[in-house]
A.B. asks: 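Input: one structure, supplied below.
When reading the values below, keep in mind they use all heavy atoms of this one structure, side chains included, and skip hydrogens, waters and symmetry mates. Just so we're on the same page: letters track the sequence lines, and every chain starts at 1.
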There are 2 protein chains.
Amino acid sequence: MIVELVSTGSELLLGDTVNTNVSWLAQELNKLGYTIAYQSTIGDNRGRMAEIFRRAAERADIVISTGGLGPTQGDITREVLASAMGREVEFNSLAMTEVQKFFKRVNREVPTAASRREAILPVGAGVLRNPVGVAPGVTLEVEDTTFILLPGPPGEMKGMFTDSVVPYLQERFGSQGVVKSYRYGIYGIREIDLEDRLMDLVKEQSNPTIAFLIKKGYIELRITAKANTAEEAEALLRPWDEIIRNRLGTHVGRSLDIPMEDLLGKNLTVANATISTAESCTSGLVGKTITNTSGSSAYYMGGVISYSNDIKHRVLGVPQELLDTYGAVSEQVARAMAEGVARVTGTDYAVSTTGIAGPGGGSEEKPVGLVWFGVTGPHGTVAHKANFIGSREEIRQGAAELALYYVYTYMKEKGTV
Amino acid sequence: MIVELVSTGSELLLGDTVNTNVSWLAQELNKLGYTIAYQSTIGDNRGRMAEIFRRAAERADIVISTGGLGPTQGDITREVLASAMGREVEFNSLAMTEVQKFFKRVNREVPTAASRREAILPVGAGVLRNPVGVAPGVTLEVEDTTFILLPGPPGEMKGMFTDSVVPYLQERFGSQGVVKSYRYGIYGIREIDLEDRLMDLVKEQSNPTIAFLIKKGYIELRITAKANTAEEAEALLRPWDEIIRNRLGTHVGRSLDIPMEDLLGKNLTVANATISTAESCTSGLVGKTITNTSGSSAYYMGGVISYSNDIKHRVLGVPQELLDTYGAVSEQVARAMAEGVARVTGTDYAVSTTGIAGPGGGSEEKPVGLVWFGVTGPHGTVAHKANFIGSREEIRQGAAELALYYVYTYMKEKGTV
């Protein structure tokens, strides 16, 4: 079953709005076993919109559009679909009832003229209830293709999809089977080397499929199988899971079911332990990331952003001699920063970062992207080194992720959790 | 001149990745006077990708794709474009030189077999330098259509676009007329009230147009005019500029030509002054944001993340009495935090944040979204209060922006710069 997503709205082609509807819809549809083959965006332009609808009818079984269902003159999706498919439009009393219901819900008069537009649908259209806003959604079957028109505002679109489109698809097309994925966080290996080790899987993939996604500080490896039942899907995934774990060993780092900061937070909570941060190149991003988790004040006490060497020395107590001998970006200073902030804050654990985020400041021995990490805790202090490739932002995001990951592995390896 | 954007990558159709490349490219191209008519996304599928390239060649003058230029078997954009346009591929020594230069820059061996893939280009292709990563970009002219292939990772794509594509378009297509925008950072007023004050402009807009974009901590107001020359565009914008400034007064906060952190960095550099941060609810995000600006180590010394009250008291010297009497989220504590971190770090300026980022922890007098800011400097200490609406992340992002903005206005009002 081939699905095509169509996004309408000039704001998307002006770049004022990032199209988050597509990724949300894609995730939901994939979970239901549907495959998205194409996604197109056009502005509020009759000719181009009609062209895209006609093309989509040729190549897709289901076409889902978002946008252009409001009451203004610019909201043309309903009429363009009708004319592109050679249908007339007509006043749809079911749609009008939905519009009236909305205004009743919010205790307002129905603004007749404009809202009437929202009930002028292609002949033969079905109506989908809008649980959040005014404009009803539209379904239309034309030969082999089913069109589903949804509103553009994400809240309305999501509500309508969940409440009405999912049951509609189930009734119209039945179950599309089960899609199951295993996701792995892969650490400390480059994409190209990772692919090398799994080249046979990459080459023979069809069901399961295998994918590598570059994330901050790690690679997400995913295998996905499609089958009639969950058991069958699992049976397809299990041999691949074994191969992956055997070949990658400790590179398989952590479950990706929850963000790194939530996972670490859970482990700190279980261990009844506290943590603090000493940051140079990430300059607060590690502290910010830990506190993405609400309730993190139970284990995160705070930290020191020691951007200058003076603060590393005076506030964290990093010996001047270490800074002079090894430089701020060094294993020795990373260790001393972590130990220093644990002392200052009195926490059980502490993690530090010191590196070269670029674009300037790199040298032959210490290139842009080099970051040293220190982790200290009940079982002493360890250090790690990483070399990131990317922009200043990407290097810092990657370093923040790895800082948390190294605390996580410290706790796991030392048996603290 | 019709532009079509093509995004490739199965992760986009699985919903794993939100496509931010499209909005960024659309903004940049619109600024240059180009109109985006279509945007399409397809997976790493030869047949569909070829179909989209052929279709794009029919309807667009310029086709810009992102993704699929890496060294793996899944990176097929180069070869699919060639075959869709009936071209052979060949080893391109210019591209190989770029690949080799990258590995030289990062001091690594060139991984020959895989990297060679990145230099196999359609016959007749041009090469665009990748300022961040390995894969060079590709240009190809086929009859009336110019194809430009860019890498998918946003950092690489943006760097290549700015460094190479902009000059390429200028040389190949000349000026596309002038699109000029004035952008205003509007602080301390709600969108609905802002629109009310400018309703006449909203209603009569055509050239210039007016737009409101909700940003972190402020609203971006933008007026845009298109004309043959810069002077003509300016002449269209000037009367609107006057109306906006008259009606909004001090709500017009700062130029948006550069990010807040760069603007503040410039002013600190001019004033030859240093700054530090004391953060509670933002927990490092202010320090991280200041150091988005490369070279910020010249004026940013560091700071303290005083997430717990204990650290506010012990490290920053906030009197326990203030914490007990007024609570951590209070004007008094915000002031004491800023003064404390300036003392600890010895900087000329300091800024603090303390607030309730939610979702829990709010009360009637201190609801979720309440944030207090302290700013201290050569002219004493001031405090500001803001009430944010949104998610935990949105509240913290808004608070970080406002923290920098309040230092900026402090320096401006006190005549420090």
A.B. asks: Any heavy-atom pair between the side chains of A/I2 and B/R48 that's under 4.5 Å?
C.D. replies: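 Contact flag for B/R48/A/I2 side chains = yes.
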
A.B. asks: Using a strict cut-off of less than 4.0 Å between a Lys/Arg side-chain nitrogen and an Asp/Glu carboxylate oxygen, indicate whether B/E51 and A/R55 qualify as a salt bridge.
C.D. replies: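 Looking at B/E51 and A/R55, the cut-off is not met.
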
A.B. asks: Mark yes when over 12 heavy atoms from residues, nucleotides or ligands other than B/E109 sit less than 6.0 Å from its CD; otherwise mark no.
C.D. replies: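 Not more than 12 within 6.0 Å, no.
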
A.B. asks: Taking side chain as C-beta onward, heavy atoms only, is B/K288 less than 4.5 Å from A/T282?
C.D. replies: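 Result no, sub-4.5 Å side-chain heavy-atom pair not found.
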
A.B. asks: I need the residue from A/K203, A/R59, A/E279 with the largest number of non-hydrogen atom pairs under 4.5 Å to chain B.
C.D. replies: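 That would be A/R59.
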
A.B. asks: Could you work out, with side chain to side chain contact (heavy atoms under 4.5 Å, CB included) as the rule, every residue matching A/T17, not counting sequence neighbours?
C.D. replies: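 A/T17 satisfies side chain to side chain contact (heavy atoms under 4.5 Å, CB included) with A/E11, A/L12 only.
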
A.B. asks: So, for B/A26 and A/L13, which heavy atoms are closest and what is the spacing to 0.1 Å?
C.D. replies: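 The answer is CB-O, 3.3 Å.
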
A.B. asks: Of the non-hydrogen atoms in A/R314 and B/T345, which two are nearest, and what is the gap between them?
C.D. replies: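 For A/R314 versus B/T345, the nearest heavy atoms are NH2-O, 3.4 Å.
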
A.B. asks: Go through the atoms of B/Q73 and report whether side chain, backbone, both or neither lie under 4.5 Å from a heavy atom of chain A.
C.D. replies: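 Its backbone and side chain both get close to chain A.
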
A.B. asks: Where does B/T293 contact chain A at under 4.5 Å (heavy atoms): side chain, backbone, both or neither?
C.D. replies: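 The answer is the backbone of B/T293.
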
A.B. asks: For B/P359 and A/S294, work out which heavy atoms get closest and say how close.
C.D. replies: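 That closest heavy-atom pairing would be CD-CB, 3.4 Å.
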
A.B. asks: Between A/V304, A/V22, A/N292, which has the largest tally of heavy atom pairs under 4.5 Å with chain B?
C.D. replies: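 When all of A/V304, A/V22, A/N292 are compared, A/N292 has the most.
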
A.B. asks: With respect to chain A, which residue among B/S40, B/G360, B/G287, B/G303 yields the maximal number of heavy-atom pairs within a distance under 4.5 Å?
C.D. replies: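 Ranked by contacts with chain A, first place is B/G303.
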
A.B. asks: What pair of heavy atoms forms the shortest contact from B/R222 to A/D16, and how long is it?
C.D. replies: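 Scanning both residues, the minimum pair turns out to be NH2-OD1, 2.7 Å.
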
A.B. asks: Can you pull out every ring-ring contact (aromatic ring centres under 6.0 Å, His included) where at least one residue sits in residues 277-318 of chain B? Sequence neighbours excluded, please.
C.D. replies: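 Sorted pair list: A/Y300-B/Y307, A/Y307-B/Y300.
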
A.B. asks: So which of B/I42, B/V132, B/T72 has the largest heavy-atom pair count under 4.5 angstrom toward chain A?
C.D. replies: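 Among the listed options, the one with the most contacts to chain A is B/T72.
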
A.B. asks: Heavy atoms only, distances under 4.5 angstrom: which of B/D310, B/T35, B/I311, B/I52 has the most pairs with chain A? Name it, please.
C.D. replies: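 Between B/D310, B/T35, B/I311, B/I52, the count favours B/I311.
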
A.B. asks: Please classify the contact between A/I192 and chain B as side chain, backbone, both or neither, with a heavy-atom cut-off of under 4.5 Å.
C.D. replies: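 It is the side chain, since no backbone atom gets that close.
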
A.B. asks: So which part of A/R190 gets closer than 4.5 Å to some heavy atom of chain B, the side chain, the backbone, both or neither?
C.D. replies: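 It is the side chain, since no backbone atom gets that close.
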
A.B. asks: So with a 6.0 Å cut-off around NZ of A/K216, is the heavy-atom count from everything else above 12?
C.D. replies: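 Atom NZ in A/K216 is not packed in, count stays at 12 or less.
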
A.B. asks: Is any side-chain heavy atom of B/V344 less than 4.5 Å from a side-chain heavy atom of A/V315?
C.D. replies: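 B/V344 vs A/V315: side chains touch.
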
A.B. asks: I'd like to verify something: which residue of A/G43, A/A37, A/S7 has the highest number of heavy-atom pairs under 4.5 Å with chain B?
C.D. replies: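 That would be A/A37.
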
A.B. asks: If we define contacts as heavy-atom pairs under 4.5 Å, which of A/S10, A/S297, A/G295, A/G361 has the most with chain B?
C.D. replies: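 Max contact count across the listed options: A/S297.
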
A.B. asks: Count the heavy-atom pairs under 4.5 Å between each of B/S283, B/S23, B/G284 and chain A, then report the option with the highest count.
C.D. replies: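 Most heavy-atom pairs within the cutoff with chain A belong to B/S283.
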
A.B. asks: Looking at A/T41, A/V6, A/T20, which one has more heavy-atom pairs under 4.5 Å with chain B than the rest?
C.D. replies: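 Heavy-atom pairs under 4.5 Å are most numerous for A/T41.
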
A.B. asks: If you round to the nearest 0.5 Å, how far is CD of A/Q27 from CG of B/L14?
C.D. replies: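 These two atoms lie 9.0 Å from each other.
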
A.B. asks: Contact between B/N19 and A/Q39 at the side-chain level, heavy atoms closer than 4.5 Å - yes or no?
C.D. replies: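 No; the side chains remain at least 4.5 Å from each other.
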
A.B. asks: Taking the side chain as C-beta and beyond, is there a heavy-atom pair between B/I305 and A/M301 under 4.5 Å?
C.D. replies: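 Not touching, per the 4.5 Å side-chain cut-off.
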
A.B. asks: Any idea which of B/T289, B/V18, B/I290 has the most non-hydrogen atom pairs under 4.5 angstrom with chain A?
C.D. replies: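 Looking at each of B/T289, B/V18, B/I290 in turn, B/V18 comes out on top.
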
A.B. asks: Determine whether the side chains of B/R392 and A/T291 contain a donor N or O and an acceptor N or O closer than 3.5 Å.
C.D. replies: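 Side-chain D/A pair, B/R392 to A/T291: absent.
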
A.B. asks: Examine whether an atom of A/A211 lies under 4.5 Å from a heavy atom of chain B, and if so say whether it belongs to the side chain, the backbone or both; otherwise answer neither.
C.D. replies: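 Contact with chain B is absent: no heavy atom of A/A211 under 4.5 Å.
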
A.B. asks: Name the region of A/E191, side chain, backbone, both or neither, that has any atom closer than 4.5 Å to a heavy atom of chain B.
C.D. replies: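 For A/E191, the contact with chain B is made by the side chain alone.
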
